[in-house]
Amino acid sequence: MTKIGCTVSVPKQDGSEQPDARAVHPGCDRPFAIEVETTTPDNPAQVLANLRKAQDASEHPIFVVEEATPETYWAERVDGILSSPVRELSTGETRLYTKDRALSFNGGATTDGGVTAVRPATENSKQTVWKRQDGRIVLENGQGNSLVETASVAELSRDHVPAVYSYDPATGEYIVSEQGLQYVYDSKEAFAEKWTRIMEPFVPEAELSYPGYGPDDYSIVVLRTDGQPVVYTDGETAALETLLEHEDVCSASKSSDEEESSFESSELLLAEIADDADAVVGRFASLYLIEEPTSTVAASTVYDYYEQWAKQHDIDPDSKSWFARRLGNHIELNRITERRDGELVRCYEGLRLDHQGTLEE
C-alpha cells in the first residue's frame, strides 16, 4: 500500500473495533481498512463482521488473502461470502451464517446471573441451522426439527429457546434449565454429551449499517508469493493501483490545481497552530468529528485517527489522556462503555467519524 502512495498504520488490538491495519491516501476521502483473511474464509460470519466494522467506521474494507492453487481460490471464497451475506441453497432455502459466539443472555453462562442458550444434543450433529422461512428466522437442529421461530433475534429471551445453562466456577458444575426442569453436570464432558450450545446467527439487516452494499463497497487483494499483490474483481486480477479508482472512496472531481491549492492552504493553517496542542486537537475535531445522537465511536479509534493525522503533518501527537482532555474543550463528550465482541470498550456517545474531507486538511 505504501508503494501506491498510502500511509499505513497498524492499530493496537485493544479489544475495540480495529482493523488489522489502516491505510490513507492523499487522493482519497476515506481510509482503507485492511483485514488479513488467513483463516476467516472458513468462518463466513467473521468475514462479514470485518465488513461491519469498516461500515461502522465509514472506511473502505480491503480483504487480503493468500495466493492458492488456483491463484484466486481464497479470493473467490471471500468474494462468495461478501457478494451474498447469506447462503442460498439449490433447494431455494436461505440459511444464515452463524457466529463463533453462543446466544447468551445477561452476559452469558460464566457471568453471575447470566445464561447461555442450549438445545438437546442430537446424534452425530452439533450443527446450529438458522434459516429464513416465510419472513421469519427459524432455528433447526441437525435433523431438521424446528426449535425456535422469531421475527428478530433481538426479540429472543431465555424463555424462547429450548434450554439455558449457567456455570458455577466454585463447584465446576454446569446447571441446565429446561422448561422448569433442572439438570446438574459435574464436568464439561458430561454436559456436552447431552447439550449443544446454540450459536448466534449473522442477520445482515440487523448487523450491517449498510446491508444494501454492492461489489464496489469492498475490495479483495491477493498477496502473491513473490510479494506483488493484485486486486481481484469478477474472476480477474489487476494492479494494486486500481484500488484508487473507486469513485466513492477517492475523489475524481477536483482538478489537480484545486487539490494543490487546498493542500497548500491547509498546510499553512496547520503550520500556524502546530505549536498550540489545543488548537491542533480543535482542528482535528472540526475536520473529523460530527455530532450525531444515534452514533457511538470507540475512543481508541478516534485517538488512532488523530495520531495518524498528526504524524502525517509532522506534529507530535498528544498522549491519549491529554488528547481526551483537550478534545473536551472543543466538542461535547459523553463517555460510555459498550460490550463489543465480548470486550468492554470505552466509547463516545453521540459522535461519529467523518471522512468526507481529505486527510491533507
Side-chain angles (χ1 to χ4, degrees), residues 1-11 18-42 44 46-55 57-85 210 213-260 262-263 304-305 308-309 311-312 355-361:
M1 295 297 286
T2 58
K3 290 181 180 180
I4 63 172
C6 290
T7 299
V8 180
S9 63
V10 180
Q18 297 282 7
D20 292 325
R22 182 176 285 115
V24 294
H25 188 278
C28 297
D29 297 333
R30 295 165 55 199
F32 295 100
I34 302 172
E35 297 288 356
V36 182
E37 307 293 349
T38 51
T39 59
T40 46
D42 290 326
Q46 186 56 50
V47 174
L48 295 171
N50 289 338
L51 173 67
R52 174 186 56 76
K53 287 193 299 183
Q55 288 189 356
S58 297
E59 299 172 334
H60 182 84
I62 298 175
F63 297 89
V64 182
V65 299
E66 297 176 307
E67 182 180 12
T69 304
E71 179 183 73
T72 59
Y73 173 79
W74 289 116
E76 291 171 14
R77 285 281 301 274
V78 170
D79 194 35
I81 296 167
L82 293 168
S83 61
S84 176
Y210 180 33
Y213 70 93
D216 291 335
D217 296 309
Y218 62 86
S219 297
I220 299 173
V221 169
V222 179
L223 185 60
R224 289 173 167 168
T225 53
D226 62 6
Q228 296 300 317
V230 291
V231 178
Y232 170 86
T233 307
D234 294 331
E236 304 291 335
T237 58
L240 197 64
E241 286 81 358
T242 57
L243 289 173
L244 306 180
E245 297 175 2
H246 284 276
E247 294 183 0
D248 63 332
V249 180
C250 300
S251 297
S253 57
K254 289 184 180 179
S255 68
S256 59
D257 290 341
E258 288 174 324
E259 291 179 344
E260 184 176 352
S262 174
F263 177 79
D304 185 67
Y305 274 98
Q308 184 172 293
W309 173 79
K311 288 180 178 179
Q312 282 190 326
H355 308 304
Q356 299 309 308
T358 60
L359 244 173
E360 290 76 16
E361 292 181 300

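These numbers come from a predicted model, not from an experiment.
- Without hydrogens or angle criteria, R22 side chain to F32 main chain gives no donor-acceptor distance under 3.5 Å.
- For the atom pair CD1 of I81 and CD of Q46, the computed distance is 10.5 Å after rounding to the nearest 0.5 Å.
- Of all non-hydrogen atoms in P229 and L240, the two that sit nearest each other are CG-CD2, 3.8 Å.
- Atom CH2 of W309 and atom CD of Q312 lie 10.0 Å apart (nearest 0.5 Å).
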Side-chain polar contacts of residues 215-223 - donor-acceptor pairs under 3.5 angstrom, sequence neighbours left out - could you list them?
{"residue": "D217", "atom": "OD2", "partner": "G214", "partner atom": "N", "Å": "2.7"}
{"residue": "Y218", "atom": "OH", "partner": "D79", "partner atom": "OD1", "Å": "2.8"}
{"residue": "S219", "atom": "OG", "partner": "H60", "partner atom": "NE2", "Å": "2.8"}
{"residue": "S219", "atom": "OG", "partner": "H246", "partner atom": "NE2", "Å": "3.1"}

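- To the nearest 0.5 angstrom, L243 atom CG is 9.0 Å from C28 atom SG.
- Between A33 and A54, the shortest heavy-atom distance links the atoms CB-CB, 4.2 Å.
- Residue pairs that meet the salt bridge (charged side-chain N to carboxylate O under 4.0 Å, His left out) test with at least one member in residues 222-232, sequence neighbours left out, are E71-R224.
- Y213 places no side-chain N or O within donor-acceptor distance of the main-chain N or O of S83, the cut-off being under 3.5 Å.
- Judged as a salt bridge (charged side-chain N to carboxylate O under 4.0 Å, His left out), and not counting sequence neighbours, the contacts of E35 are K53.
- Expressed to the nearest 0.5 Å, how far CG of D304 lies from OG of S9 amounts to 5.0 Å.
- The shortest distance between side-chain heavy atoms of V47 and F63 falls below 4.5 Å.
- The closest donor-acceptor contact from the side chain of D29 to the backbone of C250 lies at 3.5 Å or more, if one exists at all.
- Minimum interatomic distance between M1 and A23 (heavy atoms only, all atoms of both residues): CE-CB, 3.9 Å.
- In this structure, T38 and V65 have side chains that are not in contact, with every pair of non-hydrogen atoms separated by 4.5 Å or more.
- Note on residues 227-241: no pairs pass side-chain hydrogen bond (donor to acceptor under 3.5 Å, both in side chains), not counting sequence neighbours.
- Contacts of Y210 classified as side chain to side chain donor-acceptor pair (under 3.5 Å), with partners at least two apart in sequence or in another chain: none.
- Taking OG1 from T7 and NZ from K311, the interatomic distance works out to 11.5 Å, rounded to the nearest 0.5 Å.
- With sequence neighbours left out, the side chain to side chain donor-acceptor pair (under 3.5 Å) criterion links E66 to no other residue.
- With sequence neighbours left out, the side chain to side chain donor-acceptor pair (under 3.5 Å) criterion links T2 to no other residue.
- For the atom pair I62 CD1 and I34 CD1, the distance stands at 5.0 Å (nearest 0.5 Å).
- Of all the heavy atoms in I4 and L244, the pair that sits closest is O-CD1, 3.8 Å.
- Every residue two or more places apart in sequence or in another chain that forms a side-chain contact (heavy atoms from CB on, under 4.5 Å) with A238 is listed here: T242.
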